[in-house]
Asker: 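Sharing a structure, written as structure tokens. Questions coming.
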Amino acid sequence: MSDAFVSAFDLVDDPSGSKAKAVGEELLTMDMSVKRAMDAGMTPDEMKVAQAARAAVQAAQRVVEALSRTAG
């Protein structure tokens with residue numbers, strides 16, 4: 001999914017939910033990747049950036065979940 005741009009309108013106009021599922025999986029992969037890096041150890045400045053990145057990914061996950069519930 002990372003090779004194609006998917007807008008919020010695409011997710012709402014996707015009755016099968018396949019686009020939302022693909023985006024959700026990609027976001028989960030991103031979240032896990034950032035978490036692994038955080039667990040491996042970082043400087044305090046790097047940790048602040050990683051925490052902000054992870055919070056952004058998790059917010060995006062919530063948006064995708066909300067949009068997928070309104071699809072159809």
Side-chain angles (χ1 to χ4, degrees):
M1 177 78 20
S2 61
D3 58 337
F5 176 79
V6 177
S7 76
F9 295 110
D10 294 330
L11 298 180
V12 172
D13 191 28
D14 180 30
S16 70
S18 62
K19 291 178 186 176
K21 182 178 179 185
V23 172
E25 288 173 0
E26 187 168 346
L27 289 168
L28 179 61
T29 299
M30 288 177 175
D31 187 37
M32 291 170 38
S33 176
V34 174
K35 177 70 169 125
R36 270 193 302 275
M38 292 168 69
D39 290 345
M42 299 180 156
T43 67
D45 288 340
E46 291 172 332
M47 187 62 76
K48 286 179 187 176
V49 172
Q51 288 171 334
R54 191 159 186 233
V57 169
Q58 291 172 345
Q61 288 173 313
R62 290 189 298 273
V63 169
V64 169
E65 289 170 10
L67 290 173
S68 66
R69 285 193 298 268
T70 63

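For this chain, numbers begin at 1 and follow the sequence in order.
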Asker: In the hydrophobic cluster built from side-chain contacts under 4.5 Å, what are the other members alongside Met32?
Answerer: Leu28

Asker: On a heavy-atom basis, which atom in Leu27 and which in Val57 lie closest, and how many Å separate them?
Answerer: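 That closest heavy-atom pairing would be O-CG1, 3.3 Å.
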
Asker: Identify, with sequence neighbours excluded, every residue that meets salt bridge (Lys or Arg N to Asp or Glu O under 4.0 Å) alongside Lys35.
Answerer: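 Per chain and number, Lys35 pairs via salt bridge (Lys or Arg N to Asp or Glu O under 4.0 Å) with Asp39.
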
Asker: Could you work out, with side-chain hydrogen bond (donor to acceptor under 3.5 Å, both in side chains) as the rule, every residue matching Thr43, not counting sequence neighbours?
Answerer: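 Counting only residues at least two positions away or on another chain, Thr43 forms a side-chain hydrogen bond (donor to acceptor under 3.5 Å, both in side chains) with Glu46.
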
Asker: Among residues at least two apart in sequence or on other chains, which ones pass side chain to side chain contact (heavy atoms under 4.5 Å, CB included) with Val34?
Answerer: Met38, Ala50, Arg54

Asker: Do Asp14 and Ser16 get their side chains close enough for a donor-acceptor pair, meaning under 3.5 Å?
Answerer: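 A pair is found: one side chain offers a donor N or O, the other an acceptor, under 3.5 Å apart.
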
Asker: With sequence neighbours excluded, tell me which residues meet side-chain hydrogen bond (donor to acceptor under 3.5 Å, both in side chains) with Gln51.
Answerer: none

Asker: Has the side chain of Thr29 got a donor or acceptor atom that lies under 3.5 Å from a matching backbone atom of Glu25?
Answerer: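 Side chain of Thr29 to backbone of Glu25: a pair is present.
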
Asker: Among the clusters formed by ILVMFWY side chains lying less than 4.5 Å apart, do Val49 and Met30 turn up in the same one?
Answerer: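 Different hydrophobic clusters.
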
